[in-house]
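Step one of this worksheet: look at the structure below.
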Amino acid sequence: MTDTPNVLWIMADQLRFDYLSCYGHPHLHTPHIDALAKRGVQFDHAYVQSPVCGPSRMSAYTGRYVRSHGSTWNGMPLRIGEPTLGDHLREAGARAVLVGKTHMIADKEGMAWLGIDPESEIGVHRSECGFEPFERDDGLHPDSARQNWSAYDDYLLAHGYDSDNPWEDFANSGVDETGELLSAWLLKNSRLPANVPEEHSETAYMTDRAMEFMEDAMQDGRPWMCHLSYIKPHWPYIVPAPYHDMYNETHIVDPIRSDAERKTDHPLMGAYLDARVCRSFSRDHVREHVIPAYMGLIKQLDDNLGRLFAWMDEKGLSENTIIAFTSDHGDYMGDHWMGDKDFYHDMAVKVPLIIADPRPAADATRGTVSDALVEMIDLAPTIMNALGCTPKPHIIEGRDLTPILHDRAGFSRQYVISEHDYHWSEMAASLGVSQEDAHTTMIFDGRWKYIICEGFAPVLFDLQNDPNELNDLGRSDGPEHVEARARMDAALLRWATRHHTRVTATPSVLARQKTAAKDGILIGFWDEEEYLSATGQAFGDLAPSGKR
Ligand SMILES: O=[N+]([O-])c1ccc(OS(=O)(=O)O)cc1
């Protein structure tokens, strides 16, 4: 084993933490992900920095909060000056390679402003969130101007799947008993088998591409971090045979929801419940169609990971590759009368996180479960540490998880933060909330989950006494609740007012600020003696460095 390990960072899109057997699902058995957990540490309290893909991922890739990187919702370009994990790794001589989805939108204006050609090496890095794009595919290719032809479409064509939109007609459609092609954009078609065999599906294709990258990397010899970023189990919910009918109504766990929640008088929560996707997933019929497909997609992912891990074992890669497995946010699936994601109940904002580090230093923690409060932004500094990057605390806001992996003190976090910008949504439209005001922020300290909703009352859950988050205490007069809200407000204020964007304050820049007097910049000194005692050098010894 060489000193520098490689890192395989696997992300599944929209995977809830509790739809894996190692996280307790009673019917969905995911033995390969479970086996990874046995080789590493399973984090039971890992939170994303936004309950929606784009901002959550920009936080993951920059190691910074949403308020810091500024890309607050899908489609918002990540500004040109935001350094990413890929940039830091490259600086340390490692490759940072993308296979799959990032949801990154390039800051074209910023590039034009700085005269950067988007096709140049720098332009590609800036457009691809700092990654070297071995394969980039964000996965949604509808029949519209947003089709966005992909390499996967070319692959389908090359395998005989002929169409103007191979993704839509094969990967994203099912065929009913009469032979009719039916699109998975409509939830009613979720239980049909996808019109593509498993081995040519998106999940299998991306797994193959990761293997191709690793073959390439073995020739190349440089250490690497590969972000294998699966598009599924994100909607549209459809899965190839045999996964489409592995699960049925008997495997669906009861929804977590109460009648009181449905009668909420909180305007924002009421507007969520009125949104189409929430009304849809509140219907048992919809859950009965979608959840078996969602479970099938996860089972298929697990099988593909089994294939990948066996291949890595065979190639001798496992012994020198740290594997992290996680997702970018969850999916309500009808819990709390909600669908999709976009709010902060655990099934939306808490994600699975497993890190298996093959180095002997991690032997003591194999198969353990950590209940530390961790944030998705903690992965970037953990990966930087593994690949030998200098820590950059002036840029990276996450905290290195290596102490937890290596069973030593050194990691601590008192609360996690997540943010959401709902300016785009049915909720903002129905409430008439302006784009500027349409934002919410969550802070969770392991017991109290407090959500400030600009313009509305806050929401508060006590997860110690109400682990299912059914009882909103945001307006409760109970002294303990009033006190908890005040404490969380104060913590949020401290967090909001600390440095978030002082990214040019490198240690050398900061050190220079302290040497003004020694460098002859004298503010308030009375005489030579005072100068000597303050700086240890004689005023008379100050000398010009001359024209350089
Ligand atoms: O509006 N969209 O284009 C859109 C919305 C949500 C979405 O899901 S996410 O998980 O990628 O945020 C993808 C695309």
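For ligands, and for the atoms within them, numbers begin at 1 and follow the listed sequence. Numbers for residues simply follow the sequence, beginning at 1.
For Asn74, a nitrogen or oxygen atom sits less than 3.5 Å from a nitrogen or oxygen atom of ligand 1, counting backbone and side chain alike. Ligand 1 has no nitrogen or oxygen under 3.5 angstrom from a nitrogen or oxygen of Val52. Taking any N or O of His329, backbone or side chain, at least one lies under 3.5 Å from an N or O belonging to ligand 1.
The nearest protein atom to atom 1 (O) of ligand 1, hydrogens excluded, is given as Trp73 CH2, 4.1 Å; this is a heavy-atom distance. At the shortest separation from atom 2 (N) of ligand 1 among protein heavy atoms lies Arg146 NH1, 4.1 Å. Of the protein's heavy atoms, Trp235 CH2, 3.6 Å lies nearest to atom 13 (C) of ligand 1.
Panel note: side chain Gln42, backbone Leu353; no donor-acceptor pair is recorded below 3.5 Å. Side-chain atoms of Glu82 never come within 3.5 Å of backbone atoms of Arg79 as a donor-acceptor pair (strictly under, hydrogens ignored).
With a heavy-atom cut-off of 4.0 Å, Arg57 does not touch ligand 1 at all.
Of all the atoms in ligand 1, the ones that sit under 4.0 Å from a non-hydrogen atom of Gln14 are 10 (O). Of all atoms in ligand 1, listed by their number and element, those nearer than 4.0 Å to a heavy atom of Cys53 are 9 (S), 10 (O), 11 (O), 12 (O). Atoms of ligand 1 found under 4.0 Å from any heavy atom of Lys101 (numbered from 1 in listed order, with element): 11 (O).
The only member of His103, Arg57, Lys232 that meets side chain to side chain donor-acceptor pair (under 3.5 Å) when paired with Asp13 is Arg57.
Ring geometry for His420 versus Trp424: interplanar angle over 60°, hence perpendicular rather than tilted (30 to 60°). In this structure, His234 and His329 have perpendicular ring planes: the angle between them is above 60°, well past the 30° mark.
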Glu168 vs His141, test: side-chain contact (heavy atoms from CB on, under 4.5 Å). Steps then yes/no. CA-CA 7 Å; Glu168 173 60 38; His141 307 278; over 6 Å; no

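For residues 279-295, every residue pair satisfying the side-chain hydrogen bond (donor to acceptor under 3.5 Å, both in side chains) rule, not counting sequence neighbours, is listed here: Arg257-Asp284.
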